[in-house]
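Every heavy atom of this structure was used, including side-chain atoms; hydrogens, water molecules and symmetry mates were not. Everything quoted here is computed from the prediction, not taken from an experiment.
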Amino acid sequence: MSEQTHVKDLENVVVRFSGDSGDGMQLAGNLFSNISAAIGDEISTFPDYPAEIRAPQGTLGGVSGFQVHIGKGVYTPGDKADVLVAMNPAALKTNVKYVKANGVILFDTDSFEKSDLEKAAFKTDDPFTELGITQQLVPVAITSMVKSSLADSGLDNKAILRCKNMFALGLICWLFDRPLEQAEHLLQNKFAKKPSVLEANIKVMTDGYHYGGNIHASVTTYHVETGDAQKGIYTDINGNRATALGLIAASEKSGRPLFLGSYPITPASDILHELAKRKDLGVKVVQAEDEIAGVCTAIGASFAGDLAATSTSGPGLALKSEAIGLAVMAELPLVIIDVQRGGPSTGLPTKSEQTDLLQALYGRNGESPAVVLAASTPSNCFDMAFQAAKIALEHMTPVILLTDAFIANGSSAWRIPDMNEYPDIKPNYVKPEMLAEGWKPYKRDPETHVRYWAIPGTEGFMHRLGGLEKDNVTSAISTDPTNHQRMTDLRQAKIDYIANCIPALEVKGNPDADLLVVGWGGTYGHLYSVVNELNHEGKKVALAHFNYINPLPANTAEVLKRYKKVVVCEQNNGQFATQLCGKIPGLVVSRFNRVQGQPFMESELKEHFIKLMEE
Amino acid sequence: MDNKVYTAKDYKSDQYVRWCPGCGDHAIVTTLQKAMAELGVPPHEIAVISGIGCSSRLPYYMNTYGFHTIHGRAAAIATGVKTANPALTVWQVSGDGDCLAIGGNHFIHILRRNVDVNILLLNNKIYGLTKGQYSPTSDRGAVTKSSPYGTVEDPFIPAELTFGARGHFFARAIDVDLEVSKECMIAAGRHKGASVVEILQNCVIFNDKIHSYVADREFRADRTIHLRQGEKMLFGKNMDKGLVLDGYKLKAVTVGENGVTIDDILTHDATTANDIMHQMLAMMDGHELPLAVGVIRNVEAPTYDQEVEAQVNAVRAKNPNKTLRDLLLEGDTWEVK
């Protein structure tokens, strides 16, 4: 071994932790990203976990991974890792394709015995040759060192082995010159009630760190540039939690209590979990008997005056569609969150796609317009959930918020907002004097077309709503043909008006670009990174990324028609491109579509954009 | 609640009632308005929720807050209304198809959770609004438009399903018997928790006289028994017939015959947690034993809406002014200066 330790300066770096789903890789990854964020790095993380809860130990099906991207200009968890931690041969085999050719692979030699190799279905006893590995290998006897480190701890063997992830974490902290204090602080919170476990974790982590310092291995260590973030107090947040908290923020700003009706479904259940915990903030949650009851309890709560929401994924959205139509017809506020996953049918429950867009826009019987929004990053889920609730309450309409498995489970650093930065939410309530003026349930604001909200319990405003078509003023049942046309037009006009209340479409990158990249929702980080990179390389590219899909921002047609070449990139077969071309006469776009259940690969996007510009 | 005295008129909307002439629903809506007046809850504190079907038109005729929703989902929507605002009095109106076929799942779960909603289950053993198909309460062999050769499936007995779903309140009435109907509705209104009132209702167009075996005035006294809390289980034109327990089964006897005295007759207790006797009473169908009407089961239990409210209040009491920002600052944070 060389006595020399190389130091490599990098703007950002990607680390991937992989092991058995019971090996604690998510925790190790999470701690590493938090440590880095605490010293000023931008962070983006993404867990890659199997649909099976606990597949047999050591097998390919049981491998769980956690990717962390730290440094400056970090918008995604990164395409490929600079460093891979592989706790066993199965983890190595499933993850080697995610490691850069000149990367480093750190593995636990103790779990590369013959039986381990067999479980991972290796044919020979040399897994590295078999996989054709070009990367630098760093063998570390993690298991035996953890055992000797904790020999006197009094913990049983099982508990000792559960500390292996901390050894790996310590080693990675050494490799990237990250201080352990923040990790100790985080561990203290996590194991506050288990002092012996806490002590063991810290000891093993520290031993891992010192081991790195002592081996003088010819490993490249890294110095990572830290970002220059806005001043403030930060936390790391994943998209599902941000979504849940955005709804709470809207509840605070509107004064309407928050109600969630939901049925467990991957990958949306964490929204249900988070809000179920939030009784401390007055949130009521009904875990319903099915998806339909999830949305229906929410509609009932909305009728009763709450800010009501339901959370689901694609299959659940399909089940809720009739009820969403009821909320359209009854003109009640309702937030529907669809954390998109791979489809159709059960599809790929833990993987990410953008294939529910047209379902959200059109998946109901009748002319049934609803607002559709999409969140673009984990922390943006907070803002878009807030916006969804604001629009629902102020415009008396269902709002469908599309997120996806990628941003729902991915984390980024997030500055804890001062709620004064957010606008008040003012629903269009009835006022007592309206009774004398001849109030009727479907009388509406002449400009916004929003009906006035009379909440049950309010004296004098008793009224009946329902799914049957209603007279456009009195809300009495009506089958009159001209009234039906009028109501159809009113429901559409009410949604169209919202274009006046949302931000204009922004263009990032070079305003005189030869190519406009168009995206929506969770692909933002990848598209933005690539557009940025191309501009750095002197290519003229711009990005228009949509958070508001129905209605579209008022300047959409003007922006899109400004560019000679437009490419719409989405993780489906062209749903948004179809929508745009339908809405904007004469628009010509090319399409970049991937439906693999995985985030875009930046390298692939870049190559495609360069090719388009050269055409 | 205020001290105002309400009359049935206060609960009647200005809408023209569109049910068929002779439909049992006319009597039910009038009776409900009378029951509400007696219960004295102000109209603006009441929400009437329905699904789809003839009976589900009922909210339009009530001068309360009302919501005519979608097929089968009234129980789920009512659950949302009551959980969001337990101060509202919530009524649900459903038919046998709406409540027990498409809405069967929500029906059993509103009962299991014991949400404080008063459910009127209008049972005419047929689909009326879709013009005459058999329903989940149609008798085996029923010949209808969708079963021209007769059905080959057994019906649900609503009471049996209620008990199976751990329901705490069940009452039954016949549409033409306004007094018993009103009595059941008032008892349901007073009961805290999910209450089911099954009303045997006549569909004059598609299933006329389906309940006439027990409903006809001529036979009603002998083929039904009106159960009253704490009273002997007596029935018949002369109130001389009664129910006794014979082994594990109920048996009808005549007081004064074969040495039977009034002391041998069972006394009705709707409040026992154990539902075996209620089950036996509710399963009587008017043939061998009289069909039971009145309040059959009425047991107090914690209600879902109040339990949710109590849990929120208990957690909130630890820090009543806690905000979202407070919550976020409690977690793992770091400061960029």
Side-chain angles (χ1 to χ4, degrees), chain A residues 34 37-38 40 182 186 189 229-236 245 248-249 252 257 259 261 278-284 286 288-290 292-293 296-306 308 322-323 326 330 416-419 456-468 476-477, chain B residues 13 15 18 42-50 52 57 59-60 62-85 87-88 105-106 108-109 304 308-309 311-312 314-316 318-319 322-325 327-329 331-337:
Chain A
N34 279 353
Q182 176 73 5
L186 294 171
N189 285 347
Q230 196 184 341
K231 281 180 190 169
I233 298 173
Y234 283 72
T235 186
D236 81 311
L245 300 186
I248 294 175
E252 283 185 1
F259 177 99
R278 294 287 72 90
K279 288 200 160 75
D280 55 352
L281 296 175
V283 181
K284 286 183 180 174
V286 170
E289 56 272 23
D290 58 30
I292 296 172
C296 284
T297 51
I299 290 173
S302 167
F303 177 67
D306 277 5
E322 186 196 13
L326 174 66
I416 295 173
D418 176 348
M419 286 318 297
T458 315
E459 208 168 344
F461 287 94
M462 289 81 75
H463 64 280
R464 273 64 58 191
L465 297 175
L468 283 170
I477 299 169
Chain B
S13 81
Q15 293 292 299
R18 296 178 188 218
H44 67 271
E45 291 175 12
I46 297 174
V48 184
I49 313 296
S50 66
I52 292 293
R57 295 289 183 103
Y60 291 118
M62 306 295 296
N63 184 35
T64 60
Y65 284 91
F67 200 179
H68 176 219
T69 69
I70 44 178
H71 204 16
R73 316 304 169 200
I77 289 175
T79 296
V81 173
K82 185 69 187 180
T83 307
N85 184 359
L88 293 172
N105 197 26
H106 311 307
I108 57 177
H109 286 282
Y304 180 82
V308 170
E309 187 86 352
Q311 212 173 48
V312 169
V315 177
R316 197 90 181 109
K318 290 177 196 157
N319 185 355
K322 185 171 179 177
T323 64
L324 175 61
R325 195 172 158 84
L327 171 80
L328 287 165
L329 294 176
D332 292 330
T333 63
W334 63 90
E335 189 168 5
V336 175
K337 288 177 189 157

So which of [options] has the biggest tally of heavy-atom pairs under 4.5 Å with chain B?
options	answer
A:Gly460, A:Ala330, A:Pro417, A:Gly305	A:Pro417
A:Ile248, A:Leu245, A:Ile299	A:Leu245
A:Ala301, A:Ser302, A:Ala304, A:Gly467	A:Ala301

Between [atom1] on residue [X] and [atom2] on residue [Y], distance to nearest 0.5 Å:
X	Y	atom1	atom2	value
B:Lys322	A:Arg278	NZ	CZ	5.5 Å
A:Leu465	B:His68	CG	NE2	12.0 Å
B:Thr69	A:Leu468	OG1	CG	10.5 Å
A:Ile292	B:Arg73	CD1	CZ	4.0 Å
B:Thr323	A:Leu281	OG1	CG	7.5 Å
B:Trp334	A:Leu186	CH2	CG	9.0 Å

- Message: Tell me whether A:Thr235 contacts the main-chain N or O of B:Asp332 through its side chain, where contact means a donor paired with an acceptor under 3.5 Å.
- Response: yes
- Donor-acceptor pair, side chain of A:Arg464 and main chain of B:Met62, under 3.5 angstrom: yes
So what's closer than 4.5 Å to chain B heavy atoms on [X]: side chain, backbone, both or neither?
X	result
A:Ala298	neither
A:Glu289	both
A:Pro456	both
A:Ala308	neither
A:Phe303	side chain
A:Asp306	side chain

Would you name the heavy atoms of [X] and [Y] that are closest together and state the gap between them?
X	Y	result
B:Tyr65	A:Thr458	OH-O, 2.6 Å
B:Arg316	A:Lys279	CD-O, 4.0 Å
A:Gln182	B:Thr333	NE2-O, 4.2 Å

- Task: Report the C-alpha separation of A:Phe259 and B:Asn85 in whole Å, then their side-chain angles, then the decisive distance to 0.1 Å, and conclude whether the side-chain contact (heavy atoms from CB on, under 4.5 Å) test is met.
- Result: CA-CA 11 Å; A:Phe259 177 99; B:Asn85 184 359; over 6 Å; no
Give the member of [options] that has the highest number of heavy-atom pairs under 4.5 Å with chain A.
options	result
B:Lys82, B:Arg57, B:Gln311	B:Gln311
B:Leu324, B:Val312, B:Ile49	B:Leu324
B:Leu329, B:Leu328, B:Val308	B:Leu328
B:Asn319, B:Thr79, B:Ile52, B:Thr83	B:Thr83

- So, B:Asn105 versus A:Asp290: side-chain donor-acceptor pair below 3.5 Å or not? yes
- B:Gln15 meets the side chain to side chain contact (heavy atoms under 4.5 Å, CB included) criterion, sequence neighbours left out, with A:Ala476, B:Ser13, B:Tyr61
- chain A contact via B:Ile108 - side chain, backbone, both or neither, heavy atoms under 4.5 Å: neither
- Query: What residues form a ring-ring contact (aromatic ring centres under 6.0 Å, His included) with B:Tyr304, not counting sequence neighbours?
  - Reply: none
- Should B:Arg325 and A:Ile416 count as side-chain neighbours, where that means a heavy-atom distance under 4.5 Å? yes
